[in-house]
Amino acid sequence: MTLCVKKGRKKTGVLLGKITENNGFVASRAAKVETIAAKGIDFSKIAIKECGFTNFLEVYGKEIEQKLKEFFPKHHKLIIYMAYARFVHNSPINRMPLLISKSMLSVGEKEKIYPQKLSTTLAEIGQDRATCVAYMQSFIKAGEHLLIDMTNMFNSSTTMYYTKQGYNSEMVFDAQVNLMYIYSPSSHQPLFYKILSGNSREVVGFKNTLLESGLKDAIIIADKGFFSKANMDLLDQNGLHYILPLKRDNTLIDYSKLSESSNDYFKYEDRIIWTNEYEKDGFRVRLFKDDRLKTQEQKDYLQRIDANTDGYTREKFNDRLPRFGTFALLSNLKDISPPQLYAKYKSRNAIEVMFDGVKTVLKADVSFMQNEDTLNGWMFVNHIALQWYYIIYALLVEHELLSKYSVAHFVTELKEHRKVFLGDNWVEEPILKQTKKMLTKLNMYSVK
């Protein structure tokens, strides 16, 4: 007779949880569910929703929420819902209802949200440009130094007035819509936008945007490709303030002026900047040289020569020696010193960062809207999302954390934090270690 002995199998129960340094014992989700089951709670009532970014909005989005209630009493909740879906998830309209339902924003919402309702709301907002303008004007403070610039959004619609064949800096001539923005570098806030046709002249766009915004003291700080005699004449004729850089090969630049003993200098961010100004062909040219930048540009050029990069030669290096580390500006601003002019021009990077937010974070550089009213509403919702973007950006700047965290990183961390509806209560899950570390550095989390 053969005796068969079965090998025993270890039976592992539910993971109870873990012991942490700061919070002691933290029960696992499985243990919580098992406890609930033991109490006879209906599993069909259990829900999980995002709460991290929603909590952030409850604290830092109050001013925007209150003003939306004031200016859009009928639509303010849906505007916030759609801006949330755009900012946190880059969502198109058809996916918004699902994403909104998975957020704590939707708790207590009794009305059904569906794509057609959102589209209708966008069209109604877009038709009410006057209220959109009044909302944006409420954030503008008198006497602020403001920047204004334009970017493009591609759009394939054949029915909208805005969509035209236009030129952009990437030399792409597809159908597009132009977006003009006014930005405050002091408050780190986008203040005002206007949609323009894709083939509109920048100067005309600047003037029309300033007229609608009610602003009179914004400064146009353009890129190096903007300068031309025709553009300068139009700016002056329309009474627009500007600071315009010149390309380094522009004939208005006299590099010999920077070798004169009459040059002055000032400090900018612990760097010595040499400067001189002179008149040429009716223009007042202000020339600057940064010795630290000059050294870096020379090193970069020589490394390219050593690497046998096409177009880089010792002869060309010698020809460009006077240009390294320099740039020239034209401006019609009166009673402004060279250090002030230099600092205002350097602030242009802020509006470039903003457009980067529009295109890379919000993914709003391409629009598939086929209706002008809906497009206007869509851009207003994106404007709200951009305001949230800059609340986070300003916090990162204030705490000197931009080199460690991006706005996108911040949003990703927060949207993963959730609450679980267990029985009759919402239970907040433990915050992940890396999220807690980030929030602690921003003084947004108190370690108990």
Side-chain angles (χ1 to χ4, degrees), residues 13-66 77 80-91 95-111 113 384-385 388-389 391-392 395-396 399 401 404-448:
V14 174
L15 173 67
L16 298 178
K18 61 182 178 180
I19 297 175
T20 65
E21 182 178 348
N22 295 322
N23 299 316
F25 179 76
V26 178
S28 70
R29 184 184 298 175
K32 291 177 183 176
V33 170
E34 189 174 79
T35 301
I36 293 167
K39 294 180 178 180
I41 294 175
D42 186 356
F43 274 78
S44 66
K45 294 182 179 180
I46 295 177
I48 302 173
K49 292 181 184 285
E50 175 277 324
C51 72
F53 192 79
T54 304
N55 291 343
F56 171 80
L57 287 183
E58 287 178 358
V59 178
Y60 292 90
K62 279 294 183 186
E63 181 183 11
I64 291 171
E65 182 183 3
Q66 290 302 321
K77 287 176 67 176
I80 290 173
Y81 292 166
M82 288 188 283
Y84 166 85
R86 288 294 302 137
F87 185 38
V88 178
H89 300 285
N90 303 138
S91 173
R95 291 191 65 241
M96 285 182 177
L98 174 63
L99 296 169
I100 293 165
S101 72
K102 291 185 175 182
S103 165
M104 288 298 293
L105 280 175
S106 65
V107 173
E109 178 60 60
K110 297 179 180 179
E111 294 185 25
I113 300 172
I384 303 302
W388 293 342
Y389 175 100
I391 290 173
I392 300 168
L395 284 168
L396 294 173
H399 292 86
L401 290 171
K404 189 169 183 63
Y405 303 109
S406 66
V407 174
H409 185 155
F410 179 93
V411 174
T412 298
E413 291 287 347
L414 287 194
K415 76 179 182 181
E416 294 303 320
H417 184 47
R418 303 175 184 187
K419 282 187 178 181
V420 183
F421 188 71
L422 302 174
D424 297 320
N425 299 299
W426 284 102
V427 179
E428 192 166 335
E429 292 184 336
I431 297 179
L432 295 175
K433 183 178 179 180
Q434 64 267 24
T435 306
K436 188 185 298 184
K437 182 179 179 181
M438 178 187 71
L439 295 179
T440 301
K441 289 181 178 181
L442 289 164
N443 293 331
M444 296 170 66
Y445 180 86
S446 299
V447 180
K448 298 179 182 180

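Here the side chains of E429 and V420 are in contact, with some heavy-atom distance below 4.5 Å. Proximity of N55 to E428: side-chain heavy atoms (C-beta onward) are separated by under 4.5 Å at one or more points. Proximity of Y81 to M96: side-chain heavy atoms (C-beta onward) are nowhere separated by under 4.5 Å. Contact annotation: the side chain of L401 approaches that of K441 to within less than 4.5 Å [non-hydrogen atoms, C-beta and beyond].
Annotation: the span from M444 atom CE to T435 atom OG1 amounts to 11.5 Å, rounded to 0.5 Å. In this structure, NE2 on H399 lies 4.0 Å from CG on N443, to the nearest 0.5 angstrom. Atom CD of E109 and atom CD1 of I100 lie 9.0 Å apart (nearest 0.5 Å). Rounding to the nearest 0.5 Å gives a distance of 10.5 Å between NE2 of H417 and CE of M104.
With sequence neighbours left out, S103 forms a side chain to side chain donor-acceptor pair (under 3.5 Å) with E50, T54. Partners of K415 under the side chain to side chain donor-acceptor pair (under 3.5 Å) rule, at least two apart in sequence or in another chain, do not exist in this structure.
A donor-acceptor distance shorter than 3.5 angstrom exists from the side chain of S406 to the backbone of H409, with no hydrogens or angles considered. Checked by atom type and distance alone, the side chain of R86 pairs as donor or acceptor with a backbone atom of S91 at under 3.5 Å. Proximity of a side-chain donor or acceptor of K49 to a complementary backbone N or O of S101 within less than 3.5 Å is detected.
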If you look only at distance, which donor and acceptor atoms sit under 3.5 Å apart when one is on a side chain in residues 56-66 and the other is two or more places apart or in another chain?
none

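Ring planes of F87 and W388: tilted class, angle from 30 to 60°. Between Y84 and H89, the ring planes are perpendicular. Angles over 60° get that label, and only those under 30° would be called parallel.
The heavy-atom pair separating A83 from A385 by the smallest distance is O-CB, 3.9 Å.
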Test side-chain contact (heavy atoms from CB on, under 4.5 Å) on I392 and Y405 and set out the steps.
CA-CA 10 Å; I392 300 168; Y405 303 109; over 6 Å; no
Step by step, would you call K77 with E111 a side-chain contact (heavy atoms from CB on, under 4.5 Å)?
CA-CA 11 Å; K77 287 176 67 176; E111 294 185 25; over 6 Å; no
Evaluate F410 against L442 for side-chain contact (heavy atoms from CB on, under 4.5 Å), listing each step before the verdict.
CA-CA 11 Å; F410 179 93; L442 289 164; 3.6 Å; yes
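Across L439, I431, V88, a single residue satisfies side chain to side chain contact (heavy atoms under 4.5 Å, CB included) together with L414, and that is L439.
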